[in-house]
K.L.:
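Below: one structure in structure tokens.
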Amino acid sequence: MKPAAHTALGFLALAVALAAVPAGGCGGPDAGAVGAGGGPCAPGLAPCDGQCTAVNVDPDNCGQCGRQCQAGEICSAGTCVVHCGGGATHCKGKCIDTQSDPANCGGCGNACGSGLVCSAGQCSTDCLGGTTRCGDRCVDGDTDPANCGLCGNACAKGEICWAGQCGVSCGPGTTKCAEQCVNTAIHPAHCGMCDNACGSGQICFAGQCGLKCYGGTTKCTDWCMDTEIDPAHCGSCGNACAGGQICSGGNCALQCGGGATKCGSKCVDVLLDAANCGSCGNACAGGLVCSSGVCALVCDGGTTKCGGKCVDTALDPANCGGCGKPCAQGEVCKGGKCFVDQESCTDGVDDNYDGLVDCADPLCSGYYCVAPVPNGWSGPAKLYVGGGPAPACGGPWPGSTAGGEGALSAPAATCAACGCGAPSGMSCGVGSTALWNSHTCDNLLGTVTPPAPNVCKGFSVGALDSAMGNKATTLGGSCQPAGGEATAAPATFANQALLCTGASTGAGCGSNVCAPKPGQSYATCVHKSGDVACPGSPYTVKYVIYESVSDTRACTACTCAAPVGAACPGGTTILYNDNLCQFSPVTIPNDGVSCVDTGGTKKSLIFIPGGQPPQGGACAPSGGGQPTGSVTPAGARTVCCL
């Protein structure tokens with residue numbers, strides 16, 4: 001559990017300010033306030049009770065002589081303010097630990113309901129992170145002087161609580177600050193020494209205030225926490241383990257791993273922990289360290305005494321190469337040097353100095369040893385073949401080729417029905433004239449058709465009594481064909497295929513190469529353009545994938561027959577009784593129904609057009625709309641897999 005917050009005292013700031021006063025003395029309007037040389041107070045200092053005083057930081061004379069700050073306040077820039085250190089929060093003039101205060105749980109004014117406690121900044125029915133519920137609060141019975149070992153067991157005045165026992169001195173590795181035993185190496189309210197509070201936003205590591213954590217620890221508010229073992233921040237900040245659990249390897253559990261021993265709510269190394277040397281609660285006396293589970297004056301086994309612990313400075317990230325030399329966050333310590341514990345699996349170099357290269361290093365668990373790529377082939381690559389959409393490439397496989405594999409299905413195109421538009425381009429010819437030797441048009445003598453409109457046509461048919469004009473004929477014209485559009489379903493292969501390429505390879509495999517593992521649904525392969533034989537063992541499982549298809553499916557063009565059914569409106573025929581179309585004209589309408597008495601024999605006629613283009617008519621489809629073409633695979637690539 002995080003120790004109680006401590007408010008920074010004003011006298012520290014005052015001491016700093018006074019130390020900066022020049023030796024020449026003070027100044028001001030008070031004739032009694034003079035410096036050592038008898039002159040006035042220096043700029044920024046004021047005469048208070050005969051002394052040159054830094055009123056910008058003095059809590060007894062804050063801003064002006066005689067203005068005192070209240071308890072818990074400091075003087076900053078001539079104003080009394082509350083400065084909370086040690087991870088505490090300023091709530092209405094007070095410094096509050098919002099991680100445990102039920103009236104301000106997680107934030108100012110956020111009060112927990114009846115029957116709930118505040119644990120790790122959250123209202124809950126149980127205490128987390130190895131703390132114990134005492135009334136409406138969660139306390140650390142190992143260090144809380146008001147509840148030392150059990151609820152209500154308050155230590156006497158002048159005593160502190162250490163390992164659940166009241167006493168007059170603190171255990172190894174801690175310092176007595178007021179009524180608490182604190183680790184001044186990491187406590188933000190007592191960083192390096194009692195009452196030396198780090199500034200807002202800073203943390204304490206190795207007894208120094210700073211902005212970031214080192215040695216593999218993680219910054220959680222104002223603390224550097226080892227999320228591998230801290231039950232209040234297990235695996236990540238604020239992830240508190242339930243009551244009875246400990247934090248081992250960043251996971252809440254009931255037992256410790258890696259040879260550690262469960263002591264209360266923590267996993268400790270009883271071979272090196274001075275507070276639990278050899279067994280839980282067996283604290284070494286002041287000045288002694290824990291070496292191989294025994295309290296001693298010196299460290300053995302090549303370890304070095306750093307404070308109250310024996311550490312291996314060749315491996316300890318908090319004391320790498322010497323006591324108090326922490327590695328940066330994310331770095332490890334090996335051989336007394338800090339570096340990022342990473343291994344590039346494809347460069348053939350031992351990047352983290354553990355004597356293991358690429359695939360031989362456990363850090364390259366995503367790689368494995370495979371046979372080298374044969375001459376003339378490309379790879380290694382990974383191939384997916386299946387009925388559904390292929391998983392994406394990426395990561396160590398930046399390139400990709402998508403295609404199909406297996407039988408190709410491509411039904412013939414479906415052709416829309418052919419049709420024809422309205423006729424256009426037609427003209428009217430001439431109408432024929434039927435000649436009769438009766439007055440009722442029932443004894444046909446013959447039919448006469450002029451060679452062209454308005455051209456006189458002579459004829460000889462004998463006795464002529466009546467005539468009937470037929471409509472003019474239509475000439476030429478055509479219709480625009482329509483329809484016949486092709487609709488084709490997409491061509492599909494039996495399987496989808498995705499070839500992921502571009503991976504680099506490394507060493508650590510003898511005569512083989514270190515390649516990234518293909519992952520589920522993929523196989524490791526080599527590939528080559530065209531449909532060719534595989535190169536041989538171990539790349540023997542052959543696939544041919546096609547990157548595209550050649551699709552010529554279409555429909556034949558629609559055609560239309562000549563227009564039929566059109567009619568030429570109007571028009572008349574004029575009959576004459578001479579051969580030159582001059583005398584005794586008789587007009588006959590060319591409507592195909594009117595029978596006109598000619599008044600005797602006629603010998604010539606002229607067709608007079610009606611003056612309008614043909615009307616109506618239509619064209620019938622005469623061909624087209626039949627499916628043609630086919631689909632064939634293209635862009636073959638042979639892929640041979642393990």
Side-chain angles (χ1 to χ4, degrees), residues 171-175 182-188 191-192 203-210 212-220 223-231 233-235 246-250 256-263 266-278 282-284 286-343 350-356 361-363:
T174 62
T175 301
V182 299
N183 184 353
T184 57
I186 62 172
H187 201 298
C191 190
I203 45 76
C204 180
F205 188 84
Q208 298 291 326
C209 294
K212 65 178 182 178
C213 295
Y214 297 91
T217 58
T218 300
K219 184 178 180 182
C220 296
W223 293 78
C224 289
M225 298 298 183
D226 187 348
T227 55
E228 290 289 302
I229 61 173
D230 194 311
H233 305 277
C234 191
I246 44 81
C247 182
S248 179
C256 297
T261 300
K262 181 180 179 183
C263 291
K266 296 183 178 180
C267 293
V268 300
D269 185 353
V270 295
L271 296 178
L272 297 174
D273 193 328
N276 302 275
C277 189
N282 183 35
C284 294
L288 298 181
V289 294
C290 184
S291 180
S292 301
V294 177
C295 294
L297 290 172
V298 295
C299 298
D300 63 4
T303 58
T304 301
K305 182 181 179 182
C306 292
K309 292 185 178 181
C310 293
V311 299
D312 186 350
T313 57
L315 299 173
D316 191 339
N319 302 277
C320 190
C323 296
K325 295 182 178 180
C327 295
Q329 187 171 354
E331 291 184 330
V332 295
C333 179
K334 288 186 180 180
K337 295 181 180 180
C338 297
F339 59 91
V340 178
D341 191 16
Q342 294 179 346
E343 175 75 14
D350 179 14
D351 302 290
N352 60 353
Y353 307 103
D354 62 354
L356 303 173
D361 195 312
L363 292 178

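Just the heavy atoms: all of them, side chains too, but no hydrogens, waters or symmetry mates, feed the values below. No experiment lies behind these values; they were computed from the predicted model shown.
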K.L.:
Under a 4.5 Å cut-off applied to non-hydrogen side-chain atoms, are Cys290 and Asp269 in contact?
P.N.:
no
K.L.:
To the nearest 0.5 Å, tell me how far Cys220 SG sits from Ile203 CD1.
P.N.:
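Interatomic distance, Cys220 SG to Ile203 CD1, rounded to 0.5 Å: 11.0 Å.
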K.L.:
Applying side-chain contact (heavy atoms from CB on, under 4.5 Å), run through Asn276 and Thr261 and close with a yes or a no.
P.N.:
CA-CA 9 Å; Asn276 302 275; Thr261 300; over 6 Å; no
K.L.:
Enter the distance from Cys213:SG to Trp223:CH2 here, rounded to the nearest 0.5 Å.
P.N.:
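Result: 11.5 Å between the selected atoms.
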K.L.:
Looking only at heavy atoms, what is the nearest atom pair of Cys333 and Ala314, with distance?
P.N.:
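Closest approach of Cys333 to Ala314, heavy atoms only: SG-O, 3.3 Å.
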K.L.:
Could you grab the distance from atom OG of Ser291 to atom NZ of Lys305, nearest 0.5 Å is fine?
P.N.:
11.0 Å
K.L.:
May I ask you to test the Cys224-Ile186 pair for a side-chain heavy-atom distance under 4.5 Å?
P.N.:
no
K.L.:
Kindly give the heavy-atom pair with the smallest separation between Val311 and Cys306, and that separation in Å.
P.N.:
CG2-SG, 3.4 Å
K.L.:
Please walk me through it: do His187 and Cys204 pass side-chain contact (heavy atoms from CB on, under 4.5 Å)?
P.N.:
CA-CA 6 Å; His187 201 298; Cys204 180; 5.7 Å; no
K.L.:
Evaluate the side-chain proximity of His233 to Asp226: yes if any heavy-atom separation is below 4.5 Å, no if none is.
P.N.:
no
K.L.:
What do the steps show when you test Cys284 against Cys277 for disulfide (SG to SG under 2.5 Å), and what is the final call?
P.N.:
CA-CA 7 Å; Cys284 294; Cys277 189; 3.8 Å; no
K.L.:
Write down the atom of Thr304, the atom of Cys323, and the distance for their closest heavy-atom approach.
P.N.:
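Closest pair (atom of Thr304, atom of Cys323, distance): CG2-SG, 4.1 Å.
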K.L.:
Could you work out, with salt bridge (Lys or Arg N to Asp or Glu O under 4.0 Å) as the rule, every residue matching Lys334, not counting sequence neighbours?
P.N.:
Asp341
K.L.:
Apply side-chain contact (heavy atoms from CB on, under 4.5 Å) to residues Leu272 and Lys309 and explain how you reach the verdict.
P.N.:
CA-CA 6 Å; Leu272 297 174; Lys309 292 185 178 181; 6.0 Å; no
K.L.:
Are the two sulfur (SG) atoms of Cys327 and Cys338 closer than 2.5 Å?
P.N.:
yes
K.L.:
To the nearest 0.5 angstrom, please state how far the CE atom of Met225 sits from the CG atom of Asp230.
P.N.:
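One finds 5.0 Å between CE of Met225 and CG of Asp230.
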K.L.:
Please name the pair of heavy atoms, one in Asp350 and one in Asp354, separated by the smallest distance, quoted to 0.1 Å.
P.N.:
OD1-OD1, 2.9 Å
K.L.:
Which heavy atom of Gly336 sits nearest to which heavy atom of Cys320, and what is that distance?
P.N.:
C-SG, 3.3 Å
K.L.:
Minimum heavy-atom separation for Cys295 and Leu288, please, with both atom names.
P.N.:
CB-CD1, 4.1 Å
